[in-house]
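Working notes for the structure below.
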Amino acid sequence: QPQPTAIEVAGWLLYVLPVATYVAWPAGKPFASRRRAVAMGACAVAAAVAALLVSITAPSAPVVRTQPGATTVAQSSGLSGVAAPAATVRLATAPAGASGTPLTVDGVALRQIAQRSTAQVAAPDWLPSRLTPAQLTELGGGRLPIGLNAATLTGSLPVRYLRDMTATWQVDSVTGDLVSAQRVESWTGLATVGSEVFPVGRVLQTTATTTPAARAAALAAARHDQRIADRHHRMARVIPASLCAVALLLDRKSTRLNSS
């Protein structure tokens with residue numbers, strides 16, 4: 001960054017003023033008790049102001065945001081002519097408050113959050129609710145699924161689906177901003193014959209992923225935010241400690257001059 005931030009300017013001023021007072025004070029001139037008390041009070045106030053500025057300008061507590069940026073979509077179908085509408089293939093919302101697993105990517109500290117869910121559901125509008133013998137054979141790679149007999153299979157079979165969804169998010173460990181996300185959703189057909197249910201193969205799989213360009217931009221932003229946060233943490237330790245040290249030096253110098 002070409003210009004110093006407001007907290008950097010305030011920190012240097014809070015450091016330079018008492019140090020300049022200490023260096024410029026005449027060596028033989030006593031430092032009155034009243035002035036010493038005023039100086040000590042000023043240092044204490046300056047330390048409090050520095051701590052307040054650091055706390056106000058420091059990044060807030062991590063809150064997972066859910067703007068994934070641009071996404072790429074891929075679909076893999078086990079049946080000819082079957083595809084999901086584009087509106088249904090999208091990144092899932094990142095869960096707020098999830099801890100995740102720490103990891104480092106290109107020097108940036110991240111947390112990876114993963115969730116998986118499975119459920120048996122009725123056929124959505126864009127998947128077939130019944131499968132013909134030809135479709136069953138296509139799903140089986142040229143043969144009927146095990147358990148189904150071609151001689152007795154004369155018509156289409158009703159089908160439900162096993163929906164398996166796995167979502168993964170990578171978020172900035174400091175700010176909680178979303179860096180990248182991926183959602184993989186698989187639909188496996190479950191044909192019903194009487195009271196029996198036969199898995200007939202994966203009918204469709206969709207994948208939504210943050211684009212490489214959007215992920216690179218989010219990583220760059222996270223790297224910048226983490227550098228600023230690290231600078232805030234250092235200043236939160238250094239500035240109050242420096243002011244306390246200056247106050248101690250002023251007190252010792254005043255004590256030495258008053259006793260001489």
For the residue pair [X] and [Y], establish whether any side-chain heavy-atom pair is separated by less than 4.5 Å.
| X | Y | result |
| --- | --- | --- |
| L219 | L110 | yes |
| M165 | R183 | yes |
| W169 | R111 | no |
| L204 | S76 | no |
| T206 | V73 | no |
| Y161 | L190 | no |
| T118 | R163 | no |
| L162 | W187 | no |

Minimum heavy-atom distance [X]-[Y], with the two atoms named:
| X | Y | result |
| --- | --- | --- |
| T210 | A181 | OG1-N, 2.9 Å |
| A222 | V108 | CB-CG1, 3.8 Å |
| Q112 | Q170 | OE1-NE2, 2.9 Å |
| G176 | V171 | O-CB, 3.9 Å |
| S129 | A123 | CA-CB, 3.8 Å |
| P199 | V197 | CD-O, 3.9 Å |

Item to complete: To the nearest 0.5 angstrom, please state how far the CZ atom of R202 sits from the CG atom of L79.
Response: 12.0 Å

Practice prompt. Working to the nearest 0.5 Å, report the span between CG of L178 and CZ of R215.
Written response: 11.0 Å

Item to complete: Start with the C-alpha gap between T168 and I113, add the side-chain angles, then the distance that decides, and say whether side-chain contact (heavy atoms from CB on, under 4.5 Å) holds.
Response: CA-CA 6 Å; T168 306; I113 305 167; over 6 Å; no

Worksheet entry | Chi angles and distances behind the side-chain contact (heavy atoms from CB on, under 4.5 Å) call for T192, V159 | CA-CA 6 Å; T192 303; V159 62; over 6 Å; no

Please confirm whether the backbone N or O of [Y] pairs with a side-chain atom of [X], one donor and one acceptor, at under 3.5 Å?
| X | Y | result |
| --- | --- | --- |
| Q75 | A84 | yes |
| T166 | R116 | no |
| R223 | D106 | yes |
| R130 | S156 | yes |
| T207 | V184 | no |
| Q135 | T132 | yes |
| S77 | V82 | yes |

Response to the item:
Between L131 and the options T137, L139, L157, the side-chain contact (heavy atoms from CB on, under 4.5 Å) test singles out L139

Worksheet item: Any side-chain donor paired with an acceptor under 3.5 Å for S80 and E138?
Response: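 Distance-only check passes for S80 and E138.
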
Worksheet item: Between Q205 and S186, does any side-chain donor sit less than 3.5 Å from a side-chain acceptor?
Response: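 Yes, side-chain donor-acceptor contact under 3.5 Å.
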
Worksheet item: Got more than 12 heavy atoms from elsewhere within 6.0 Å of CZ, R143?
Response: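 No - once you tally the heavy atoms of other residues, nucleotides and ligands closer than 6.0 Å, there are 12 at most.
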
